[in-house]
Amino acid sequence: MTEQPNIEMIKQMSGGDVSFIEKMMEIIQRELPKEITLYHEHLKNADYLTAAKDVHKLKHKISILGLEKSYKLAADYENELKNHKFSLAESFEDILRK
């Protein structure tokens with residue numbers, strides 16, 4: 001069974017504050033598509049160090065969305081990009097599609 005995004009981590013962080021949950025979800029919904037687009041642009045332009053920085057930002061949102069295994073994969077992929085390696089690229093794309 002694959003991981004599915006959830007808001008449990010956000011609920012824990014909120015301490016029950018509904019407005020906090022709503023604001024976090026708004027931020028994720030606003031920033032995530034932009035960050036994914038930037039990642040793809042940097043990857044397409046072979047700017048792998050910047051793409052690794054993009055993955056670094058994305059992995060924190062992945063974590064906030066309760067995707068623990070995916071966070072680990074993103075961290076490994078971030079390190080791969082720094083070394084111009086891409087064995088985890090397709091798996092990372094699968095995470096982004098979730």
Side-chain angles (χ1 to χ4, degrees):
M1 187 158 141
T2 61
E3 292 180 298
Q4 292 298 315
N6 64 73
I7 64 168
E8 291 309 310
M9 175 74 78
I10 296 171
K11 286 180 180 178
Q12 289 176 5
M13 292 169 44
S14 76
D17 183 347
V18 175
S19 66
F20 177 85
I21 296 169
E22 290 171 352
K23 286 179 185 176
M24 286 295 292
M25 292 306 299
E26 287 174 20
I27 290 169
I28 290 170
Q29 289 174 336
R30 181 179 63 241
E31 292 181 2
L32 191 59
K34 292 176 186 177
E35 290 175 2
I36 292 171
T37 298
L38 283 174
Y39 158 73
H40 286 133
E41 287 176 15
H42 294 136
L43 198 60
K44 179 181 174 185
N45 294 327
D47 187 354
Y48 303 124
L49 291 178
T50 305
K53 291 177 185 178
D54 297 331
V55 172
H56 181 82
K57 291 178 185 176
L58 288 164
K59 78 178 180 187
H60 292 294
K61 288 187 176 63
I62 289 167
S63 174
I64 288 172
L65 291 172
L67 301 169
E68 294 177 26
K69 293 177 186 174
S70 298
Y71 174 88
K72 170 72 169 109
L73 186 138
D76 291 343
Y77 181 53
E78 176 186 356
N79 290 325
E80 272 194 0
L81 280 171
K82 291 176 185 176
N83 295 302
H84 300 229
K85 296 182 180 178
F86 313 98
S87 70
L88 297 173
E90 189 57 39
S91 296
F92 186 71
E93 287 296 326
D94 290 341
I95 293 167
L96 295 181
R97 284 188 280 275
K98 287 182 187 178

Is it the case that over 12 heavy atoms from other parts of the model lie below 6.0 angstrom from the NZ atom of Lys98?
yes

In Å and rounded to the nearest 0.5 Å, what is the CE to CG distance from Met25 to Leu65?
6.5 Å

Ser63 side chain to Lys59 backbone, donor-acceptor under 3.5 Å:
no

Residues at least two apart in sequence or cross-chain that pass side-chain contact (heavy atoms from CB on, under 4.5 Å) with Lys61, listed by chain then number, are Glu31, Leu32, Glu35

Which residues share a side-chain hydrogen bond (donor to acceptor under 3.5 Å, both in side chains) with Arg30, sequence neighbours left out
none

How long is the span from the CD atom in Glu93 to the CD1 atom in Ile36, to the nearest 0.5 Å?
8.5 Å

Can you tell me if Glu8 uses its side chain to pair, donor with acceptor, with the backbone of Gly66 under 3.5 Å?
no

Do Leu38 and Leu58 belong together in a cluster built from hydrophobic side chains that touch within less than 4.5 Å?
no

Compare all side-chain heavy atoms of Leu81 with those of Leu43 and state whether any distance is below 4.5 angstrom.
yes

What is the distance from atom CD of Glu78 to atom CG of Leu49, rounded to the nearest 0.5 Å?
10.5 Å

Kindly compute the distance separating NZ (Lys69) from CD1 (Ile95), expressed to the nearest 0.5 Å.
12.0 Å

Can you hop from Ile62 to Ile7 via hydrophobic side chains spaced under 4.5 Å?
yes

Do Tyr71 and Met13 share a hydrophobic cluster (ILVMFWY, side-chain heavy atoms under 4.5 Å, transitive)?
yes

Rounded to the nearest 0.5 Å, how far does OG of Ser14 lie from NZ of Lys23?
12.5 Å

Quick one: do Arg97 and Glu90 make a salt bridge, cutoff under 4.0 Å?
yes

Any pair counted as ring pair (Phe, Tyr, Trp, His ring centres under 6.0 Å), so long as it reaches residues 17-44, sequence neighbours left out
Tyr39-Phe92

Hey, what do you get for NZ (Lys53) to CG (Asp47), rounding to the nearest 0.5 Å?
8.5 Å

Identify whether the distance between the nearest side-chain nitrogen and carboxylate oxygen of Glu68 and Lys72 falls below 4.0 Å.
no

Side chain to side chain contact (heavy atoms under 4.5 Å, CB included), that's the test. Do Ile28 and Ile10 meet it? Break it down for me.
CA-CA 11 Å; Ile28 290 170; Ile10 296 171; 3.9 Å; yes

Side chains of Lys57 and His60: does their closest heavy-atom pair fall under 4.5 Å?
no

Closest approach of Ala74 and Val55, non-hydrogen atoms and distance?
O-CG1, 3.4 Å

